[in-house]
Amino acid sequence: MIKKVYLSLFLLFFSTYAICQNILTGKVVRVADGDTITILEEDNTQTRVRLYGIDCPESHQDFGTVAKKFTADHCFQKTVKVEVKDVDRYGRTVGIVVLPNGKNLNKELLKAGLAWHYKYFDKSKEFAALEAHAKENQLKIWSMKDPIAPWDFRHAKKSESSSVLTGM
């Protein structure tokens, strides 16, 4: 009887915790790029997820395809948990992706030197330290002489497109 009460309380606490934390679980059915995946939840809802606190190189940028492959190798067709942090202006869920082995995909990309710490959105000292370690060891993007942050790359592409459209 007492075990049932404790079990009931534990299950109530855990389900309340999961709801408060807003955790999604689903199978990764698409990897758009290094920091954007789509999961298929149990109710057949597809949710596009942008990894929180990091920014991987764009597809046409150095190491863009390497970052996408890294993400795919770690999570494609696997069931992951997403600790939801926000929803961005494009309607994507923004979150921390926890792999089946318990590792944090966001951190793994930083450790591997395949992502920038997106300090504009995240002030985490841990993410900053992981990026700094990858820089010190000149891993992947940090092995280049002057790596261009994805947000600067996107801005340059946007400006380039505007110049073409205005004839400048």
Side-chain angles (χ1 to χ4, degrees), residues 17-100 102-128 130-131 134 140-142 144 146-166 168:
Y17 176 77
I19 291 168
C20 290
Q21 291 294 310
N22 201 6
I23 296 173
L24 304 176
T25 302
K27 184 177 185 177
V28 177
V29 294
R30 182 170 187 262
V31 176
D33 56 32
D35 55 31
T36 308
I37 63 174
T38 301
I39 64 169
L40 180 65
E41 296 177 66
E42 198 173 279
D43 65 357
N44 283 331
T45 301
Q46 285 194 18
T47 303
R48 195 166 164 106
V49 178
R50 171 74 167 79
L51 276 64
Y52 172 81
I54 67 167
D55 203 0
C56 289
E58 295 295 313
S59 299
H60 294 92
Q61 196 175 356
D62 291 329
F63 291 99
T65 54
V66 176
K68 180 178 180 177
K69 184 179 181 331
F70 182 94
T71 296
D73 289 349
H74 281 77
C75 69
F76 186 64
Q77 294 296 316
K78 296 178 183 169
T79 300
V80 299
K81 290 185 179 177
V82 179
E83 297 171 11
V84 178
K85 295 284 194 177
D86 201 0
V87 174
D88 70 11
R89 63 183 173 169
Y90 304 108
R92 298 176 297 189
T93 297
V94 179
I96 302 288
V97 175
V98 180
L99 301 168
K103 290 187 177 182
N104 176 323
L105 180 58
N106 309 48
K107 291 179 186 178
E108 294 302 310
L109 282 156
L110 283 167
K111 280 187 213 175
L114 288 169
W116 276 257
H117 175 209
Y118 212 158
K119 296 172 184 87
Y120 181 79
F121 294 104
D122 175 73
K123 307 298 182 206
S124 159
K125 288 181 182 176
E126 183 178 17
F127 278 23
L130 291 170
E131 180 189 76
K140 308 286 193 277
I141 56 178
W142 307 114
M144 298 187 311
D146 292 312
I148 299 169
W151 50 87
D152 292 332
F153 183 83
R154 288 188 295 269
H155 181 73
K157 285 290 184 192
K158 195 175 187 180
S159 296
E160 188 178 291
S161 296
S162 296
S163 296
V164 171
L165 292 175
T166 60
M168 300 183 112

Could you state the interatomic distance from OG (Ser124) to CD (Glu131), rounded to the nearest 0.5 Å?
11.0 Å

Neighbour count above 12 (heavy atom, 6.0 Å) for Lys125 NZ:
no

His117 side-chain N/O to Asp122 backbone N/O, donor-acceptor pair under 3.5 Å:
yes

Do any side-chain atoms of residues 60-67 form donor-acceptor pairs under 3.5 angstrom with protein atoms, and if so which ones, sequence neighbours left out?
unit_1, atom_1, unit_2, atom_2, d
Gln61, OE1, Glu58, N, 2.9
Gln61, NE2, Ile148, O, 2.4

Atom CD1 of Ile54 and atom CG of Leu105: how far apart are they, to the nearest 0.5 Å?
6.5 Å

According to side chain to side chain contact (heavy atoms under 4.5 Å, CB included), who are the partners of Asn44, at least two apart in sequence or on a separate chain?
Leu40

Side chains of Lys78 and Val28: closer than 4.5 Å at any heavy-atom pair?
no

If I take atom CD1 from residue Ile96 and atom NZ from residue Lys107, how far apart are they, to the nearest 0.5 angstrom?
7.5 Å

Is the ring pair Tyr120/Tyr118 parallel, tilted or perpendicular, if the boundaries are 30 and 60 degrees?
tilted

Distance check, rounded to the nearest 0.5 Å: Ile39 atom CD1 versus Arg48 atom CZ?
13.0 Å

Would you compute the distance between atom CG of Asn104 and atom NZ of Lys111 and round it to the nearest 0.5 angstrom?
8.5 Å

Is a side-chain N or O of Asn106 found less than 3.5 angstrom from the main chain of Val97, in a donor-acceptor match?
yes

So how far is it from Thr79 OG1 to Leu99 CG, rounded to the nearest 0.5 Å?
11.5 Å

What are the two closest heavy atoms between Gly113 and Trp142, and how far apart are they?
CA-CD1, 4.0 Å

Side chain to side chain, Thr71 and Ile37, heavy atoms closer than 4.5 Å
yes

Grab the two heavy atoms, one from Gly34 and one from Leu109, that are nearest each other, plus how far apart they are.
O-CD1, 3.4 Å

Compare all side-chain heavy atoms of Trp151 with those of Trp116 and state whether any distance is below 4.5 angstrom.
yes

Residue pairs meeting salt bridge (Lys or Arg N to Asp or Glu O under 4.0 Å), one or both in residues 32-46, sequence neighbours left out, come to Asp35-Arg50

Name all pairs fulfilling the side-chain hydrogen bond (donor to acceptor under 3.5 Å, both in side chains) condition that reach into residues 90-100, sequence neighbours left out, sorted by first residue then second.
Asp88-Arg92

With sequence neighbours excluded, tell me which residues meet ring-ring contact (aromatic ring centres under 6.0 Å, His included) with Phe153.
none

Taking only residues two or more places apart in sequence or in another chain, which ones pass side chain to side chain contact (heavy atoms under 4.5 Å, CB included) with Asp86?
Val94

Looking only at heavy atoms, the pair that brings Gly95 and Val49 closest together is N-CG1, 4.4 Å

With the side chain counted from C-beta on, respond yes when His74 and Phe70 share a heavy-atom pair under 4.5 Å apart, and no when they do not.
yes

So does Lys119 have more than 12 non-hydrogen atoms from other groups sitting under 6.0 Å from NZ?
yes

